[in-house]
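Worksheet for the structure shown next.
Lettering of chains follows the sequences in order, A, B, ..., and the numbering in each one begins at 1. All of these numbers come straight from a predicted model, not from anything done at the bench.
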Amino acid sequence: MSVTTHVPSEKLSVKKITANNTFFRVSRYVAVRLLTLFITVVIGIYLTIMIANMGGYVDQIIKGQIRDTVTQSIAGNPSALQMDPEVRKKLIEEKIALEEKRRGLDTPIAVRNARYLVNALQLDLGRAINMTSDAGSKQVRLIILERLPATLLLMGTSQLFLFFSSVFIALTLSRSYGNFWDKLVIALSPTSAVPPWFYGIFLILIFAAGLKVLPFGGMVDSPPPSNTFDYAVSVLKHLALPGFSLVLSSFFLSVYNYRTFFLIYSSEDYVDMAKAKGLPSRDIERTYILRPTLPNIITNFSLLIIGLWTGALFTESVFLWPGLGRTLFQAIGLYDVPIIVGSTIIYAYMLALTVFLLDFVYALVDPRVKIGE
Amino acid sequence: MLYPSAVVGVLVIIVLVVVAIYTMITIPYSTAITLWRGGEAVWYQNPRFAPPAWVNLFSSKKYSESFAVSTSDGVIPKTVTPGSDGVATAEMAYEFDFNYDYYPQEMLIYFTSKYKEKQPFVSIELLTPDNRTIRIANFAIGNKFTYRFSQDEKLRTKLRTDAAILALFSLPDTDSPLKGKYKLIITGTTFEPDSTMEAEFVFHGQVYGLAGTDHARRDLTLPLLWGVPVALAFGLLASIGTSVLTMIIAAIGAWYAGWVDELIQRITEINLVLPFLAILIMIGTFYSRSIWVILGATILLSIFTGAIKAYRAVFIQVKESMYIEAAKAYGASSSRIIFLYLIPRMIPLLIPSLVQSVPAFVFLEASLAVIGLGDPVLPTWGKIIQDANSNGALYKGYYYWVLEPAVLLMITGLGFAVLGFALDRIFNPRLRDV
């Protein structure tokens, strides 16, 4: 009796020790990983802030603008015309100093960068310098939030369609490789060397300029239709060309890559074994091919999700799509540093978070992977 | 021919290289820049927004072609008949065919003359195919004088129309062009013994040359030709710079391990956080749009990417090979091992990826140019597309303007991409069978 009770308790204690070990190992790993990722993000964002300020060059531009607008506004003020030139000059200087103080231009750039970094890291994105949201706000957060739906709509539809269709088609192709369609995909895969905006120009040429069936750019008709259904139809029409050009430019390469990847995995011995057992090809695909490739597919998918955030800068610019990519481009043109940094910080956080979470996801889907080893 | 696509790619690249060399020899850099930046003074002979002349091959209705002729180069014959008291009459006549269905944009005559006190006097006439003689104008000319047919108020009144050029090339009171031989007759009278005059007749048609013209009358063959060396230089330098530096840094990291490797890894992670395009655009906007600065920034930002991790993984495997062991045993230095033993092993991996990355850089240069961050002096394909876009070429139907550079970019990009893919399958046979 004593022997039989003794054995389980020993087993239990062994289990406890391994459980403790696992806990320590994982938590130490988590701590180290989070710290390194955080440092990475901090350095990345600081570099962006430095480049966005161009070592004070942007300050010069902004100071020049302030001087210009203040002088103009006083020169245009009839009551200022009566003033003594000396007094007026003093007034201008005072106003400029006030405005510079308001924008924080009176502190040294290193201090400002550091303050900016701390605020940015706390996701306090601050106020834009020149840009406003369509609702009139200067809050960077609001500007970004306002443009986000447009980007998510464009990138979301195109990238999700691209992902699912290419995985599905790649699976089908890998089953019957070497046939006509497979060769066609291989032959067409170099077309992905051409960026989406470039296909965009051709699509505009064909569908907007030539056939006149789809609009040249923008997101809705102007004026926007009042009823919801018409509005949705109008948006879909505007979405068609940029969406299609985004899909077209990566489609064949994406299918080709997944197909090659699946083929490598389907030449494993255990797949041959499953085939020899006479399992249906659907089961083979699901259990023997998709399962082991899951970590890579998840990686691709999560990178895709992060990519949604940045938008497609050139494509949005060519199609005048009011998304984040185009906003970023406009912000750069207007020297609007807070918006540039704001969009970078969101991207950096998303990337760091994804990289961090992926480790755990790998461990979940692949029993061979152990965290922190 | 196991890889016909590779052959096609190689042919495309050879043609591009030949064109690039030809361009740089026939139109030297400085000439290209002065021409590209030249205004009306350089390009006054060309029409604006003119499609290339070969569109006539595909159109049943013919567009009028442009030409420019002058007395100084002898194309317009000039016969001078001296009279008494130093007065001389110069007869200048030029006969030209007009067999088109579309009227020219504009006709101009540029006069230059030399005189001391009395200005020379000219009269212009046009002889039509049905033997009508239309008196165009009579006027005195200074040292330099430009006569524009469409802007002459008197001529318009005389022809009873707002569009003088239309009326000149039509039968009276119709809208259809009268085809046939026209003769422009300029009669000049000089009143001093040493007084001379020259005339240049410029005919702005609807089509021009091999590639057409843009909004500033510039001949598009110039930027199309110069785009070749620029695109090749940018694409090749960026891809070679990036791949070779990535490889060397990955090899160094893998070889020395320890903190060197750790540092490279961290830099790579930070670089992944940085927004590549945004930084390039910021450099272009705030700092310099010179193609060399952009090239340098592109290479710097492209070194520490995912590729460095992939190369490092392979280098770490190769590092354990017997031959490296042997090299260590005979006392080879670290740099010798890295550059003579580690890196050459990776050349099969390097070459396909190098070739494949060229199109991305070629298009990057074009993309930056399209959003207005192209090199301010160089004529490039991206600049043509940007000019076309900002002048609404697609809306207004100047398709040739966008299509010509776009097709060239496409051919260049696909040439390298096709070759790169083929090389990848040749060098990495694991993929060849599947």
Members of residues 350-360 of chain B whose heavy atoms come closer than 4.5 Å to chain A: P359(B)
Tabulate, in ascending numerical order, the residues of residues 291-306 of chain B having at least one heavy atom closer than 4.5 Å to a heavy atom of chain A, or enter 'none'. none
Heavy-atom cut-off 4.5 Å, strictly under: side chain, backbone, both or neither for [X] against chain B?
X: F329(A); value: side chain
X: I340(A); value: side chain
X: S189(A); value: both
X: L334(A); value: neither

Heavy-atom pairs under 4.5 Å with chain A - which of [options] has more of them than the others?
options: I281(B), L272(B), N271(B); value: I281(B)
options: G372(B), S367(B), P275(B), G9(B); value: S367(B)
options: I385(B), N389(B), L403(B); value: L403(B)
options: G420(B), G413(B), A406(B), A278(B); value: A406(B)
options: L274(B), L409(B), L373(B), I371(B); value: I371(B)

Straight-line distance of [X] [atom1] to [Y] [atom2], nearest 0.5 Å:
X: L394(B); Y: I204(A); atom1: CG; atom2: CD1; value: 6.0 Å
X: F363(B); Y: S249(A); atom1: CZ; atom2: OG; value: 10.0 Å
X: E262(B); Y: T36(A); atom1: CD; atom2: OG1; value: 9.0 Å

Choice from I45(A), V42(A), V318(A), T48(A) maximising heavy atom contacts with chain B below 4.5 Å: T48(A)
Between A348(A), A352(A), P195(A), A187(A), who has the most heavy-atom pairs with chain B when the cutoff is under 4.5 Å? P195(A)
Would you say [X] and [Y] make side-chain contact, with heavy atoms under 4.5 Å?
X: R266(B); Y: I43(A); answer: no
X: I270(B); Y: Y46(A); answer: no
X: F314(A); Y: V370(B); answer: no

On a heavy-atom basis, the closest approach of L414(B) and V194(A) is CD2-CG2, 4.3 Å
Minimum heavy-atom separation for G210(A) and Y399(B), please, with both atom names. N-OH, 4.3 Å
By a 4.5 Å heavy-atom criterion (distance strictly below it), what part of [X] contacts chain A: side chain, backbone, both, or neither?
X: V418(B); result: both
X: S5(B); result: neither
X: Y395(B); result: both

